[in-house]
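Below is one structure; the comments refer to it alone.
A, B, ... follow the sequence lines: proteins, then strands. Residue 1 opens every chain.
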Amino acid sequence: MNLDDTLRAWAAHEVALPETAAEEVFQQIVETPWAVSPTRLSAAQVSQQIVGTPWAGSPGRPAADPVPPQVVGMPWSVSPRRHTTGLNTRWWTRFSGQLAATVVASTRPPMSGLRRTAVAGQPS
Amino acid sequence: MDRAAEFRRLYDTHRTAVHAYFTARTGDRWLAADLMQETFLRAWRRFPELAGRPDDARRAWLFTVARNLSIDEHRQARTRVATDAALRAETADVAAPASTSVIAAERVAVVSETIKRLPEQQRITLTLAAAGGLTSAEIATALGVPAGTVRYRLSLARRTLAEALSTYDDVEQ
């Protein structure tokens with residue numbers, strides 16, 4: 001077995017992606033709408049997820065969504081390791097960032113009120 | 001030809017090389033599959049623009065996206081230590097092929113370990129040639145380096161592998 005044969009065997013065993021996985025990737029791509037980002041959530045979707053998250057429950061809000069929030073973005077991962085861990089870390093990073101931004105934005109006082117206060121405080 | 005069929009041709013032509021590139025960069029073939037998916041997803045969205053280009057230009061476009069994605073991936077707290085850990089973890093996952101002899105399997109293991117220790121540029125170049133099925137000229141287009149540089153890197157990498165195999169053979173005899 002010379003070097004080229006050994007390299008071929010190495011490529012087959014350690015690098016090559018199984019055909020089924022490659023086909024799955026292809027199908028997921030072509031099912032994607034052209035202009036809509038599959039991984040980026042809209043503000044409405046983020047709000048919906050916050051409402052549906054068990055720890056975000058408050059009076060007047062709907063009951064917690066029985067589906068864990070991390071399932072929403074999962075179809076974009078083909079990694080079996082990620083499926084086994086149950087959490088796509090790439091998706092989670094993006095989601096938690098958006099979640100934090102939404103929470104921060106929702107706790108800010110309205111801009112118009114601030115402006116009114118500032119204007120009222122100025123000497124006339 | 002409809003859009004999906006034409007995209008299929010692009011995907012089938014370049015997916016092995018793009019995946020090999022990401023595997024060489026990350027040391028994890030499943031992470032590489034995710035990054036490959038992201039690369040082709042961008043190609044799918046920009047396909048009307050890509051469709052009219054020649055194969056070399058498409059390859060260059062795909063590898064530009066791939067380079068940017070792997071840089072982003074690296075920035076996202078994937079340190080060299082983590083990559084090395086993934087490389088080591090992959091070793092444990094790889095079972096000896098049933099159809100080859102023990103010695104052949106051991107030689108593959110020697111090559112595998114040696115490739116992991118190669119400088120990154122040599123590892124990427126060698127992986128694109130051996131697993132991606134690209135010629136030196138195609139690798140040059142993909143990586144945006146002169147073909148002479150590709151040949152030099154390949155020659156260094158192959159020499160290192162040959163030395164490692166020779167050492168293994170000496171020990172075995």
Side-chain angles (χ1 to χ4, degrees), chain A residues 1-41 70 72-98 100, chain B residues 3-5 7-8 11-12 15-16 19-20 23-24 28-48 73 76-77 89-91 93-97 100-101 103-105 107-112 114-116 126-127 129-133 158 161-162 165:
Chain A
M1 197 181 197
N2 63 22
L3 178 57
D4 286 321
D5 292 336
T6 311
L7 276 173
R8 266 191 289 276
W10 164 79
H13 299 137
E14 298 201 25
V15 182
L17 189 64
E19 282 299 317
T20 48
E23 188 56 34
E24 187 190 344
V25 168
F26 178 81
Q27 290 305 330
Q28 287 186 357
I29 292 169
V30 296
E31 284 164 15
T32 307
W34 297 17
V36 179
S37 168
T39 48
R40 186 164 296 168
L41 302 176
Q70 65 265 30
V72 175
M74 284 302 284
W76 298 101
S77 172
V78 295
S79 163
R81 284 182 189 175
R82 292 185 186 193
H83 285 304
T84 53
T85 57
L87 183 67
N88 179 335
T89 53
R90 185 194 305 271
W91 172 86
W92 175 251
T93 305
R94 198 156 29 225
F95 169 71
S96 58
Q98 288 170 325
Chain B
R3 179 187 164 103
F7 182 76
R8 159 73 78 179
Y11 182 77
D12 286 345
R15 74 168 165 84
T16 308
H19 180 257
T23 306
D28 179 339
R29 75 170 107 178
W30 297 109
L31 175 59
D34 282 349
L35 291 167
M36 178 190 82
Q37 181 181 27
E38 214 156 317
T39 304
F40 280 99
L41 192 58
R42 292 184 187 192
W44 172 244
R45 295 222 181 88
R46 305 278 295 272
F47 197 58
E73 184 63 29
Q76 285 173 7
E90 275 291 294
T91 314
D93 290 347
V94 176
T100 55
S101 68
I103 289 177
R107 285 172 68 88
V108 171
V110 168
V111 162
S112 173
T114 311
I115 288 172
K116 286 168 192 168
L126 183 78
T127 307
R158 289 178 64 88
L161 292 180
L165 283 177

Inset, instruction - First locate atom CG of A:Leu7, then atom CG of B:Leu126, and finally report the distance between them rounded to the nearest 0.5 Å. - result: 5.5 Å
Inset, instruction - With side chain to side chain contact (heavy atoms under 4.5 Å, CB included) as the test, would you mind laying out the steps for B:Thr127 and A:Trp10 before giving the verdict? - result: CA-CA 10 Å; B:Thr127 307; A:Trp10 164 79; 3.7 Å; yes
Inset, instruction - Please state whether the side chain, the backbone, both or neither of B:Tyr11 comes within less than 4.5 Å of a heavy atom of chain A. - result: side chain
Inset, instruction - Considering non-hydrogen atoms only, spot the tightest contact between B:Ala131 and A:Val15 and give its length. - result: CB-CG1, 3.6 Å
Inset, instruction - Ignoring hydrogens and angles, tell me if any N or O in the side chain of B:Trp44 forms a donor-acceptor pair with the backbone of A:Thr32 under 3.5 Å. - result: yes
Legend entry - Over all atoms of both residues, closest heavy-atom pair of B:Ala4 and A:Phe26: O-CZ, 3.9 Å
Legend entry - Interface residue of largest heavy-atom contact number with chain B, from A:Val30, A:Asp5, A:Asp4, A:Asn2, under 4.5 Å: A:Val30
Legend entry - Reported CD-to-CD distance for the pair B:Gln37 and A:Glu24, which is rounded to 0.5 angstrom: 8.0 Å
Legend entry - Contacting moiety of A:Ala16, where chain B heavy atoms sit under 4.5 Å: backbone
Legend entry - Which of B:Arg107, B:Arg15, B:Arg8 touches chain A most, by non-hydrogen pairs under 4.5 Å: B:Arg8
Inset, instruction - Check whether any side-chain heavy atom of B:Arg158 sits under 4.5 Å from a side-chain heavy atom of A:Leu3, and report yes or no. - result: yes
Inset, instruction - Indicate yes or no: at least one non-hydrogen side-chain atom of A:Val25 is less than 4.5 angstrom from one of B:Phe40. - result: no
Inset, instruction - Specify which of B:Thr16, B:Ile115, B:Leu161 makes the most heavy-atom pairs with chain A at under 4.5 Å. - result: B:Ile115
Inset, instruction - Any chance you could measure B:Asp12, atom CG, to A:Glu23, atom CD, to the nearest 0.5 Å? - result: 8.0 Å
Legend entry - side chain to side chain contact (heavy atoms under 4.5 Å, CB included) assessment of A:Leu17 paired with B:Met36: CA-CA 11 Å; A:Leu17 189 64; B:Met36 178 190 82; 3.8 Å; yes
